[in-house]
Amino acid sequence: MASLKQQPPQIRWENRTQRPLLALAVVFAVAYAVPIVAPDAPQGLQDACRLAEKVVWGAFAADYLVRLVLTEHRLHFVRHHWLDLAAVVLPLLRPFQLLRVVSTLMLVGRRARMATQIRLTTYVSGAVVGLLIFGSLAVLSVEQKTGNIKTPGDAVWWSFTTMTTVGYGDHSPTTGLGRLIAVGLMLSGIALLGVVTANIAAWFMARFEQDDAEERRQTAAILELTDEVKALRAQVAALSGASSGASSGAPSGAKGTTAAAGAPSAPTPATLPSPSGPGPRT
């Protein structure tokens with residue numbers, strides 16, 4: 001809890017709103033798709049979808065404003081987050097309304113980059129699916145009446161072949177906006193493929209480095225154990241030599257003690273009479 005409180009307010013806000021904004025992006029996708037896939041839907045449903053799009057876009061704009069207020073260096077924030085500002089402002093202008101598809105993906109993707117490395121593959125997969133869906137809807141909205149992409153199935157097939165740069169040519173956009181969408185989809189597909197490849201390579205490299213580190217740790221442990229065994233052998237040999245030397249010196253000492261005990265004692269001198277004693281009889 002202490003570490004969370006020590007984070008700047010902007011980071012705390014971004015961490016808390018990451019999932020709600022992702023859910024709003026899903027709502028936006030549904031609201032954007034319904035009028036395109038079902039052009040004969042009731043007018044009330046289409047109006048509700050348009051309202052949902054505006055509400056979601058307002059949430060994205062409010063999120064940008066809140067982050068701008070919470071940051072300590074606002075000018076630095078604007079300079080380094082100008083893509084977020086463009087993604088919020090440009091689709092509100094009528095000539096750039098088609099960019100709301102790309103803008104939604106960009107806004108969600110830039111927030112998703114704050115996730116941990118472990119979740120990178122999940123977000124990349126989500127970006128691929130999002131591009132596939134939004135690309136299909138966008139090209140269907142501009143090609144449905146004048147081009148040769150008439151159904152959602154054709155649009156999904158075209159988006160899939162375009163993202164993978166296969167391009168069979170059975171379906172292709174004929175309008176200027178459709179071709180612009182195709183260019184963006186191709187570039188996005190190549191970029192995401194590069195990210196996936198780099199992520200897989202990084203995962204393999206991390207696994208190899210982890211295995212090498214474990215192998216080096218085991219080798220060091222074996223060498224340390226070998227040194228300890230050598231030291232123990234040296235101590236055992238030293239103790240064995242000391243005990244054998246002590247046991248070989250013990251019998252000679254005992255024999256000398258026995259000989260000393262068995263040797264005759266020195267004769268004691270005879271007791272002489274005291275000079276003051278009685279003399280010889282006469």
Side-chain angles (χ1 to χ4, degrees), residues 13-14 16-67 81 83-115 122-147 149-160 162-163 173 175 177-178 180-182 184-185 188-189 192:
W13 169 265
E14 291 175 347
R16 291 174 180 174
T17 57
Q18 181 175 331
R19 292 183 179 179
L21 288 179
L22 182 60
L24 288 177
V26 175
V27 173
F28 177 86
V30 175
Y32 179 77
V34 168
I36 298 174
V37 177
D40 298 332
Q43 187 64 33
L45 179 60
Q46 295 188 10
D47 294 338
C49 291
R50 294 190 184 93
L51 179 61
E53 289 184 25
K54 294 179 181 179
V55 170
V56 172
W57 216 255
F60 279 117
D63 172 70
Y64 180 86
L65 292 177
V66 171
R67 287 191 294 159
H81 294 79
L83 283 176
D84 293 357
L85 180 60
V88 170
V89 173
L90 287 180
L92 298 178
L93 305 178
R94 191 169 187 82
F96 299 98
Q97 283 185 354
L98 187 62
L99 292 177
R100 62 183 181 269
V101 175
V102 180
S103 299
T104 304
L105 291 175
M106 187 175 66
L107 287 171
V108 176
R110 288 176 66 84
R111 298 299 298 276
R113 287 191 306 174
M114 297 181 61
T122 304
Y123 284 110
V124 170
S125 303
V128 171
V129 175
L131 275 174
L132 183 65
I133 295 175
F134 281 139
S136 303
L137 294 173
V139 75
L140 183 62
S141 64
V142 298
E143 296 285 332
Q144 193 171 21
K145 296 180 180 179
T146 58
I149 301 176
K150 302 292 186 182
T151 64
D154 294 340
V156 172
W157 171 251
W158 172 83
S159 296
F160 195 88
T162 303
M163 284 186 63
T175 62
L177 287 177
L180 183 62
I181 295 172
L185 202 59
S188 301
L192 286 174

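Numbers here simply count residues along the sequence, with the first being 1.
The two residues Ala31 and Ala52 have their closest heavy-atom pair at CB-CB, 3.8 Å. Of all non-hydrogen atoms in Ala33 and Leu137, the two that sit nearest each other are CB-CD1, 3.4 Å. Nearest heavy-atom pair, Pro173 versus Ile149, reported as atom, atom and distance to 0.1 Å: N-CD1, 4.3 Å. Closest approach of Val37 to Pro152, counting heavy atoms only: CG1-CG, 4.1 Å. Counting all heavy atoms, side chain and backbone alike, Val139 lies closest to Ala155 at CG1-CB, 4.1 Å.
Atom OG1 of residue Thr162 and atom CH2 of residue Trp157 lie 10.5 Å apart, to the nearest 0.5 angstrom. Atom CH2 of Trp57 and atom CG of Leu24 lie 11.5 Å apart (nearest 0.5 Å). Interatomic distance, Ile181 CD1 to Thr175 OG1, rounded to the nearest 0.5 Å: 7.0 Å. Atoms CG and OG1, on Asp63 and Thr17 in that order, are 5.0 Å from each other to the nearest 0.5 Å. Between the OG atom in Ser188 and the CG atom in Leu132 there is a gap of 12.0 Å [rounded to 0.5 Å]. Leu45 CG to Arg50 CZ: the interatomic distance, rounded to the nearest 0.5 Å, is 10.0 Å.
Looking at Gln46, its side chain does come within 3.5 Å of a backbone N or O of Pro39 through a donor-acceptor pair.
Trp158 is listed as a side-chain neighbour of Leu185, based on a closest heavy-atom distance under 4.5 Å.
Residues passing the side chain to side chain contact (heavy atoms under 4.5 Å, CB included) test with Val66, sequence neighbours excluded: Trp13, Leu70. Considering only residues two or more places apart in sequence or on other chains, Thr146 meets the side-chain hydrogen bond (donor to acceptor under 3.5 Å, both in side chains) condition with none of them.
Environment of NZ in Lys54: sparse, with no more than 12 heavy atoms of neighbouring residues, nucleotides or ligands closer than 6.0 Å.
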